[in-house]
> 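Got a structure for you, written out below as structure tokens; questions coming shortly.
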Amino acid sequence: MSCKVVVLISGSGSNLQALLDTTAQADAPFSVCAVISNKAEAYGLNRATQAGIPGIVVDHRSFPNRGAFDQALIKEIDQHKPSLVVLAGFMRILTPEFVRHYGGRLINIHPSLLPKYQGLNTHQRALEAGDKTHGVTVHFVTEELDGGPSIVQAIVPIKEGDTPALLAKRVQRQEHTIYPMAVSWFAQQRLQMADDRVLLDGELLPHCGVQISA
Ligand code: GRF
């Protein structure tokens, strides 16, 4: 039986689309059983509908505080009994209670070579720093924001004349490759988080995770 995944989004959902495209392949090791957005207008909800998957809105503004929102989110997610929860452009900071509830089965994609550039505006910050390379990281989520152990990173060269938008586009292309890859590893039971480190096929990965050069 294929591994059930719930995807949380807030926006366009291009990473969600990459995951959905993977599930359309005959030998896909996972399926997306629900897509949840904190924003009703998120375009990713249309992608879910087109794929015949429930697109659910849990609007953070309907709750008095972060804790109450996260509890409602847990309730919704758990109805679908997923093995893995995937954050794909989900723009809410999660409470420690939420993160602990899904310990070892909650992953995120962040557009930088972590631990560099946690937080927002990563492409601009890499350009301003004069970096030669930039990239994207898939990591397990822990209580530290953008701080959990890395599973896989794609390294993207910075080119002469790059703008944040151009660079973001090239980084996103890599996102759409490495996110389905990491979710597939998890679904095939090849991936594990243990004591804040990542094991792939039983081998401890370096702190940067598996590195791929674009
Ligand atoms: C991606 O750039 C991802 O790295 C970040 O949020 C963005 C989501 O884009 N966490 P999309 O909604 O998947 O198109």
Side-chain angles (χ1 to χ4, degrees), residues 5-24 30 32 34-51 53 55-60 73 84-94 98-99 102 106-127 131 133-142 144-158 162-184 186 208-212 214:
V5 174
V6 166
V7 183
L8 304 192
I9 60 163
S10 299
S12 139
S14 69
N15 280 284
L16 165 67
Q17 189 64 57
L19 295 167
L20 292 172
D21 291 348
T22 305
T23 64
F30 65 91
V32 176
V35 173
I36 304 175
S37 173
N38 65 311
K39 291 191 171 178
E41 68 276 18
Y43 181 71
L45 289 169
N46 300 340
R47 301 183 192 267
T49 307
Q50 294 226 329
I53 291 161
I56 299 145
V57 179
V58 182
D59 188 338
H60 60 281
L73 206 52
L84 180 68
V85 177
V86 171
L87 306 178
F90 185 65
M91 300 304 283
R92 300 297 301 167
I93 293 174
L94 296 162
F98 183 97
V99 173
Y102 296 107
L106 177 63
I107 64 174
N108 182 41
I109 189 157
H110 181 77
S112 79
L113 297 173
L114 288 172
K116 269 188 154 183
Y117 310 127
Q118 297 169 331
L120 299 174
N121 302 321
T122 57
H123 310 298
Q124 188 172 340
R125 285 156 71 199
L127 287 172
D131 291 357
T133 57
H134 184 45
V136 53
T137 305
V138 176
H139 64 95
F140 278 108
V141 176
T142 59
E144 189 196 340
L145 182 67
D146 298 330
S150 295
I151 299 165
V152 53
Q153 292 190 322
I155 301 171
V156 176
I158 291 182
D162 255 345
T163 62
L166 283 172
L167 185 54
K169 213 169 171 187
R170 293 208 310 286
V171 169
Q172 273 232 322
R173 215 170 295 139
Q174 298 307 312
E175 295 184 10
H176 302 157
T177 302
I178 67 168
Y179 220 3
M181 184 188 287
V183 173
S184 296
F186 186 93
C208 58
V210 174
Q211 278 196 325
I212 290 167

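Scope of the values below: all heavy atoms of this structure, side chains included, with no hydrogens, waters or symmetry mates. Counting starts at 1 for both ligands and their atoms, following the listed order.
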> Should L19 and V5 count as side-chain neighbours, where that means a heavy-atom distance under 4.5 Å?
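The answer is no, as the side chains (C-beta and beyond) never meet within the 4.5 Å cut-off.
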> Less than 6.0 Å separating the ring centroids of H139 and H110?
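No, ring centres 6.0 Å or more apart.
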> So is there a nitrogen or oxygen of N15 less than 3.5 Å from a nitrogen or oxygen in ligand 1?
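Min N/O separation from ligand 1 is below 3.5 Å for N15.
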> Check ligand 1 against S14 and write out every atom of the ligand that is under 4.0 Å from a heavy-atom position of the residue.
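By the 4.0 Å cutoff, the relevant atoms are 11 (P), 12 (O), 13 (O), 14 (O).
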> To check your reading of the model: name the closest protein heavy atom to atom 6 (O) of ligand 1, its residue, and the distance in Å.
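Result: G89 CA, 3.5 Å.
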> May I ask you to decide if V210's main-chain N or O and Q153's side chain share a donor-acceptor pair within less than 3.5 Å?
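No; zero donor-acceptor contacts below 3.5 Å.
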> Consider every N or O of N108 and every N or O of ligand 1, then say whether any pair is closer than 3.5 Å.
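Among all N and O atoms of N108, none is under 3.5 Å from an N or O of ligand 1.
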> Around atom 3 (C) of ligand 1, find the nearest protein heavy atom and jot down its residue, atom name and distance.
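Looking at atom 3 (C) of ligand 1, the protein heavy atom closest to it is E175 OE1, 3.4 Å.
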> Nearest 0.5 Å, please: how far is CD1 in I36 from CG in L8?
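Between L8 CG and I36 CD1, I get 5.5 Å after rounding to 0.5 Å.
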> Starting from atom 9 (O) of ligand 1, which protein heavy atom do you reach first, and at what distance in Å?
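Looking only at protein heavy atoms, the one closest to atom 9 (O) of ligand 1 is Q172 NE2, 3.3 Å.
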> Within the structure provided, determine whether H123 and L127 are in side-chain contact (heavy-atom separation under 4.5 Å).
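No, every pair of side-chain atoms sits at 4.5 Å or beyond.
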> In plain terms, say whether R170 and D162 are close enough for a salt bridge, that is, a side-chain N and a carboxylate O under 4.0 Å apart.
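Yes, R170 and D162 are salt-bridged.
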> Geometry only, no angles: is G13 polar-contacting ligand 1 at N/O separations under 3.5 Å?
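There is such a contact, yes.
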> State if I109 counts as touching ligand 1 under the rule of any non-hydrogen atom under 4.0 Å.
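Within the 4.0 Å threshold, so yes.
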